[in-house]
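These notes are about the structure you will find just below.
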Amino acid sequence: MRILLLGNSGQLGWELQRALPCLGEVTALDYPEVDFSQPDSLRGVVAWADPSVVINAVAYTAVDRAEQEPWLAQAVNATAPGVLAQECAVRKAVFIHYSTDYVFDGLKDAPYTEDDQPHPRGVYSQSKWAGEQAVLAVDCAALVLRTSWLYSCRRDNFVLKVLQWARKNPMVRIAADQYGSPTWARLLAEITAQMLAGSTAWPDYFQQRRGIYHLAGEGSASRYEWAEEILKLDPRKEEWLMQQLQPAAAADFPATAPRPMNSALNCDRFAKTFGLRLPAWREGLKLMMAQG
Ligand SMILES: NC(=O)c1ccc[n+]([C@@H]2O[C@H](COP(=O)([O-])OP(=O)(O)OC[C@H]3O[C@@H](n4cnc5c(N)ncnc54)[C@H](OP(=O)(O)O)[C@@H]3O)[C@@H](O)[C@H]2O)c1
């Protein structure tokens, strides 16, 4: 298997770079070797790598900044993935693309399934949904894996922020009315590799299963419950300034771009199709926090 991995310095891409080499030869590229703001430039990159699988972990993920740079979010999150899908179709390569729980408006009071209609609010969310459509408009063996509340041991994410806040503030207030499915990037990378390894007659296997799948830590939590669990597992509590963790309303933290109040994902379709499921979100968090 020749794998072209794009975005290997991001949270997920970093973990994919770790998980994929057991499957074959991996070419891993990130900005500036590849520039998704210039979508057509990716055609030459794919031709040069001549892959049997393309995995796209690149995204413009600055949710608030996207409101000021809609053209860039659209190029990186929508136009470029569409170009990659076209190049995969030409080569009969499998295409794995990731998307987001933020395609939903958050008004449903249960976890979202793939049959629920997206209604993205804000530039980032709209560009990611446009990316899903651009990928699936091309007739190729493409899987769009929607995940939620991604975190890892590196870069900017909620888990690392909560640990920092506890060290810097006597009181930490966290929204208790916003729900999602926390997902450790390492487990998402590993399940992607397992899914690829489990196939036999591909690309036909993936062509027959092309489409959207939800893939996130099992279950759901409010941000407050998530923060409670992060702090419970913190091995260095002696460094805390924090004396109180207080539940708050998401409305107390105004942001430039809107966020869904509920974006938990139901992952049954992926489990039924590939026989794989991510562990419960608390288990994933425990594993990540045990890394130290
Ligand atoms: N983070 C979340 O909470 C979350 C939640 C749900 C879904 N997702 C989705 O999950 C996937 C992975 O997210 P992540 O958190 O791993 O993202 P991330 O850490 O922000 O990584 C994104 C990667 O894309 C690269 N990139 C950005 N603009 C680029 C450009 N113009 N050209 C080339 N590369 C560029 C970044 O490069 P630099 O290192 O140079 O910045 C980085 O390596 C994305 O599809 C995202 O939409 C994320």
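Counting starts at 1 for both ligands and their atoms, in listed order.
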Minimum heavy-atom separation for Ala75 to Pro39, with atom names?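 Minimum heavy-atom contact is O-CG, 3.9 Å.
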Please name the pair of heavy atoms, one in Ile3 and one in Pro51, separated by the smallest distance, quoted to 0.1 Å.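 Looking at all heavy atoms of both residues, the shortest contact is C-CB, 4.5 Å.
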Which residue owns the protein heavy atom closest to [atom], what's the atom, and how far is it?
atom                    : answer
atom 30 (C) of ligand 1 : Phe36 N, 3.6 Å
atom 6 (C) of ligand 1  : Thr147 O, 3.3 Å
atom 23 (C) of ligand 1 : Ala57 O, 3.9 Å
atom 19 (O) of ligand 1 : Gln11 N, 2.9 Å
atom 31 (N) of ligand 1 : Asp35 OD1, 3.3 Å
atom 26 (N) of ligand 1 : Val58 CG1, 3.7 Å
atom 21 (O) of ligand 1 : Gly10 CA, 3.2 Å
atom 11 (C) of ligand 1 : Tyr98 CB, 3.9 Å

With heavy atoms of [X] as the reference, note each atom of ligand 1 found under 4.0 Å away.
X      : answer
Ser37  : 31 (N)
Val34  : 32 (N), 33 (C)
Lys128 : 44 (C), 45 (O), 46 (C), 47 (O)
Val76  : 31 (N)
Asp101 : 6 (C)
Leu12  : 12 (C), 16 (O)
Ser9   : 39 (O), 43 (O)

Side chain of Ser152, backbone of Ala185: donor and acceptor closer than 3.5 Å? no
Hey, does the side chain of Glu67 reach the backbone of Val123 with a donor-acceptor pair shorter than 3.5 angstrom? yes
Would you check if there is a donor-acceptor pair between the side chains of [Y] and [X] at a distance under 3.5 Å?
X      : Y      : result
Asp35  : Ser37  : yes
Arg186 : Gln291 : yes
Asp234 : Trp240 : yes
Thr113 : Asn266 : no
Gln178 : Asn262 : no
Gln74  : Ser127 : no

Backbone, side chain, both or neither: what part of [X] comes under 4.0 angstrom of ligand 1, heavy atoms only?
X      : value
Asp30  : side chain
His97  : neither
Thr100 : both
Ser99  : backbone
Arg155 : side chain

Please test Asn77 against Gln126 for side-chain hydrogen bond (donor to acceptor under 3.5 Å, both in side chains), starting from the C-alpha separation and ending with a verdict. CA-CA 9 Å; Asn77 290 343; Gln126 283 159 2; over 6 Å; no
Is there a side-chain hydrogen bond (donor to acceptor under 3.5 Å, both in side chains) between Arg155 and Gln11 once you walk through the steps? CA-CA 7 Å; Arg155 288 177 76 106; Gln11 292 196 87; over 6 Å; no
Within-shell test, Trp149 vs ligand 1, heavy atom, strictly < 4.0 Å: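 Per 4.0 Å heavy-atom rule, Trp149 contacts ligand 1.
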Applying a strict 4.0 Å limit to heavy atoms, is Tyr124 in contact with ligand 1?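 Yes.
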Nearest-option assignment for atom 22 (C) of ligand 1, heavy atoms, candidates Ala59, Ser127, Pro39: Ala59
Considering only heavy atoms, which of Asn157, Leu150, Leu29, Asn56 lies nearest to atom 13 (O) of ligand 1? Leu150
Hey, would you say the Tyr112 and Phe104 ring centroids sit under 6.0 Å apart? yes
Face-on cation placement of Arg223 at Phe158 ring, 6.0 Å and 45° thresholds: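 Judged by the rule (NZ or CZ under 6.0 Å from the ring centre, within 45° of its axis), Arg223 counts as positioned above Phe158.
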Give the ring-plane orientation class for Tyr124 versus Tyr102, where under 30° counts as parallel, over 60° as perpendicular and anything between as tilted.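 Because their plane-to-plane angle is over 60°, the rings of Tyr124 and Tyr102 count as perpendicular.
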Would you check the N or O atoms of Thr61, main chain and side chain alike, for any that come under 3.5 Å of an N or O of ligand 1?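 N/O-N/O distance under 3.5 Å: yes.
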